[in-house]
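Note sheet for the following structure.
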Amino acid sequence: MALGREPRPPRLVILRALGIGDLLTAVPALRALARAFPGHERVLAAPAALRPLVELVSAGEEPAVHSMIDARALEPLPRSARGAEIAVNLHGRGPESHRVVRAARPGRALWFENPEVAESRGAPRWHAGEHEVARWCRMLSESGVPCRPHELELELVDVTPSGATVIHPGAGSAARRWLPFRFAAVARAEAERGHPVLITGASEDIGRARSIALHAGLPEASVVAGRTDLGALARIIAGAGRVVCGDTGVGHLATAFGIPSVVLFGPTSPAEWGPPAGRPRHRVLWAGETGDPHGGRPDPGLLAIQVADVVRALAELPAREADPAPA
C-alpha cells in the first residue's frame, strides 16, 4: 500500500432497484443502516432516475447513502458493486433478488429467509400483508439493526407554497388508474372552491391530463404532465396545498413532504401501501376489495370510489401544516 494513502472504508451495498414509492417506503430502513454502519461507504443500487430523491434522503451531515449505482430490477449488479462487506436486500424476499445479491459476492447479507437460497436460512421470515414500511424495518430490527418506521419525512428548502390542488391521474398499471372523466369532475369542484389546480404526470400521461383539463374547464397552463423531471415534480408536490392521486409514487411524495392528500386504492390494500397510521393529513379511499394490481383495466374496487367520495374527502382535509408530524 502506498504511504500516506487512507485505507478505503468497508462498503455496504443496498439493493432497492424499484420505483418512487418503493424508494420512499424504504427511507426509514436506509436511515437505520446509516446509523448502524456509520463507518461504511453506503452504496444504493437503484435506477439513476431516482437520484433527485436519493439526494433528499441523503441530505444532512450524515447521509443515508454516499453514492448510487444505476441498477434495474433483478438484473446483475455492475462490477463496482461486487465484494462489499455487507449487502442488504431491500428489493424482495427472493429467490431472484437473493441471487442478484449473492452473485455480487458480499461478505455477508441481510435479507429475508427463502428456502431456495440456503445462505438465507435463519434470516427473518416474510409476513404476507405487512405494510411496506414496517416490513423492511422489521427485517432490519430482527437482523440486529434498530429501525424507526416513522422516519419517512423529507425536506425541500426554498419551496414556495402554491396552495394548488395537485391531481395525478397516472399509475404504473391500468388497474390503478381512476377514470379521467372522474378526475375532471374533481378538478372542476376544486377550481370552484377557489383552489388552483395542477395536473401532473409522466410523458405517457399527457393525453389523459389534457383531457382532464379540457373537461374541467381549466386552462392549458394547468397541465404540467410530461414537462417535469422527478426533481421538479417533487417541488410541485412539496409546494401543493393538497394532492389527490391513485396508488402510486406521488402519494408517497405527499406523505414524505407532509402535504394533505387523498389517495385512491383499488386492487391493493392501503394496509400494505397506504400512508402509515397516525398521519391525519392523509385520507385513504378504498372499497375493501383486492385484485390484480397489474391488470389491464381499472380495478372494480377502484371504480367503486365515486366522485362525491373524493370531493368530500378533499373538503375534509386539514389545512397544509395544520397537523404535527408523527412523534
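Here the structure is a predicted model, which means the values were calculated and not measured. Numbers here are sequence positions counted from 1.
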With distance as the sole criterion, is a donor-acceptor pair present between the side chains of [X] and [Y] under 3.5 Å?
X    : Y    : answer
N89  : S97  : yes
S261 : H282 : yes
T25  : R16  : yes

Quick check on the hydrophobic clustering: are [X] and [Y] connected, directly or via other members, by side-chain heavy-atom contacts under 4.5 Å?
X    : Y    : result
V57  : L44  : yes
I20  : I237 : yes
V166 : L24  : yes
W136 : L15  : no

Under 4.0 Å between a side-chain nitrogen and a carboxylate oxygen: does that hold for [X] and [Y]?
X    : Y    : answer
E96  : R99  : no
R125 : E113 : yes
D70  : R72  : yes
E130 : R138 : yes

**Geometric cation-pi criterion, R135 with W126: 6.0 Å, 45°** = yes
**Request:** Using a 4.5 Å cut-off on heavy atoms from C-beta on, say whether the side chain of P298 contacts that of L179.
**Result:** yes
Calculate, to the nearest 0.5 Å, the distance between atoms [atom1] and [atom2] belonging to [X] and [Y] respectively.
X    : Y    : atom1 : atom2 : value
L152 : H252 : CG    : NE2   : 10.0 Å
E119 : R108 : CD    : CZ    : 15.0 Å
S222 : R210 : OG    : CZ    : 11.0 Å

**H66, NE2: over 12 other non-hydrogen atoms inside 6.0 angstrom** = yes
**Asked** Apart from I212 itself, which Ile, Leu, Val, Met, Phe, Trp or Tyr residues share its cluster (side-chain heavy atoms under 4.5 Å, direct or through members)?
**Response** I167, W178, F183, V186, V197, I199, L218, V223, V244, V262, L264, L285, L302, I305, V307, V310, V311, L314, L317
